[in-house]
Amino acid sequence: MVFWAIGLYWLTWITLVGYFLLIALLGVYWLIAGVVIRQAFRRRWPIWITLPVIWVAMEYARAFMLWPVLPARLSGFTWFFLAHSQYKCIRLIQIADITGQYGVSFFVAMVNGAIIDALVQPLFVKTSQGGRITRKIATAVGACIFITVGLICYGNWRVNQETRTPGPKVGIVQQAFPITVSGREASEQEIFDAHLDSSRLLIGADCDLVVWPESMVGFWNMDPDYWGRINPDAVIDGTTAKPIFTKEQQQIIRTYQRNLRRLAGLVRQLGCPLLAGGSMPAKTPRDKSDPRSVRVCNSALLFARDETGAVHIIGRYDKIHLVPFSECVPFRHRWPWLYKQLRRFVPPVMQQLEPGEKLVRFEINSDGRTVRFSAPICYEGTFARHCRAMVKPASLKPGAKRVDMLVNISNDGWFVHRFSGKMHASTELDQHLTQYVFRAIENRTPIIRAVNTGISGYIDSNGIIKATVEHLGKRKMVVGNLVVKTFVDTRVSLYSFIGDIFAQIVCLAAGVVIVVFIIRNRQESKRSASKGRKP
């Protein structure tokens, strides 16, 4: 719990209740691992085998079930996996395209287990020929060396493969607008204007796609077709000429229409589609208990021109895996009374959203060829299973992937804090970036990131962070643009085809270990009890 309290300090300025509850729940997973490892110590089992089996099983369980009573798409927490500590060791972590990140975690735990074995038992034993290294230690060290060499050789082969071809040229826009529980540091109009002005610097850059971060469109339902059909000066009938809309409503409509005209003008000047995050009305029916309620989705919107030059939303993806409590307080439909009580602990600025219903594949044109991509939004991109579902191929044949790249749009403005009159970005921004190194390797897809407050950039299909938005050496809380020439990869990874089979096998092994311990503990208890009855 002390580790989690330090590692997740950036939650304290968002929700203290959630912070303490989270570190307690996360501590339980390590407690379970600790209990099993202690049993292994007692029985002199090799820790270099037991530790990775138990630890990876706990990581896999944590990725699915953090809050036991919540549905899978509202649960799980994938922060601080052992694998993430190795994100810069590119050749060592290429195995993730077979085992997922869990294979790297297994290796890290195994090495640490071998060190533990070496520390808790004699390194040498006496023989007639003199001192000899203990067989258990020799086995552990030999296995670690053998696997290390194997991983590096495999990684070297993968990194040096010639399987990539030029992909789309992408422009990334990064601004720095912090968000607090009291609200945004700037108005929706100011945020929209800043992104619009910054994007104009990309005119003439010959981009195939320009990307804004999550929720930076700001206004609700920025659909050109929807607002284009509305006349703010419409009247009820020709006799009374009474306006349909109030003056306030007329002003809102004109603001939306003016902003959409400016956005359309930008898209025409850029000469390419624009992907931006915004709020859109949910496609699900309204709440019967409150017909006036409007359900809202966190959406990725692709704006592009048609043959006539008019700009439309040609693609929309609604975020499926919402952040529990901040984006979606649970039990809204199942137990409304409980939902109302829980909602009291969530600040009003955290708008409650509806989850999307399906994955979406966007398409753009690059040098006469069609490039396909999906857009995981913020937190959901940290889930390997979710990104895999976006890429999952029909076969292992080259080019069989559903998409050629992933474009992650995020808003990490929540994790920037004002201290001594200045805004300071937390380590959450770095931790978030680390996750996408593994998404790129697991699926052999390049990843574009556009993140409010940072860190925005480009990660190639080998997991190498090729470029980030920087200013004077800083990547967080800086404003800037980045133009990158991507490379798409024809390789289809085994992981994207078979998923988390490695982790599931490890979980079965962990279950066997736990059952063995339970059975043996009962046998020992019975033997102890029988000895106690003897005179």
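If you read the sequence from its start, that first residue is 1, and numbering goes on from there.
Judged as a side chain to side chain donor-acceptor pair (under 3.5 Å), and not counting sequence neighbours, the contacts of Tyr154 are Asp97, Arg158. Under the side chain to side chain donor-acceptor pair (under 3.5 Å) criterion, His84 pairs with Gln101, not counting sequence neighbours. With sequence neighbours excluded, the residues satisfying side chain to side chain donor-acceptor pair (under 3.5 Å) with Trp10 are Gln431. Partners of Phe517 according to the ring-ring contact (aromatic ring centres under 6.0 Å, His included) rule, which considers only residues two or more places apart in sequence or in another chain, are Trp45. Evaluation of the side chain to side chain donor-acceptor pair (under 3.5 Å) rule for Asn411 yields Ser215, Asn452 as partners, not counting sequence neighbours. Under the ring-ring contact (aromatic ring centres under 6.0 Å, His included) criterion, Phe80 pairs with Phe3, Trp4, sequence neighbours left out. Cys89 pairs by the side chain to side chain contact (heavy atoms under 4.5 Å, CB included) definition with Gln86, Leu92, not counting sequence neighbours. Under the rule for a salt bridge (charged side-chain N to carboxylate O under 4.0 Å, His left out), the partners of Glu442 that lie at least two apart in sequence or sit in another chain are Arg439. For Trp48, the ring-ring contact (aromatic ring centres under 6.0 Å, His included) test picks out no residue, with sequence neighbours left out. Remark: Phe177 engages no residue in a ring-ring contact (aromatic ring centres under 6.0 Å, His included) (not counting sequence neighbours).
Only one option out of Ser374, Ser461, Pro168 pairs with Met405 in a side-chain contact (heavy atoms from CB on, under 4.5 Å); it is Pro168.
Sorted by first and then second residue, the side-chain hydrogen bond (donor to acceptor under 3.5 Å, both in side chains) pairs with a member in residues 392-403 form an empty list; sequence neighbours excluded.
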Name every donor-acceptor pair, under 3.5 Å, that has one atom in a side chain of residues 501-509 and the other anywhere in the protein, sequence neighbours excluded.
unit_1	atom_1	unit_2	atom_2	d
Gln504	NE2	Tyr60	OH	3.0

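For Phe81 and Tyr102, the gap between ring centers is short of 6.0 Å.
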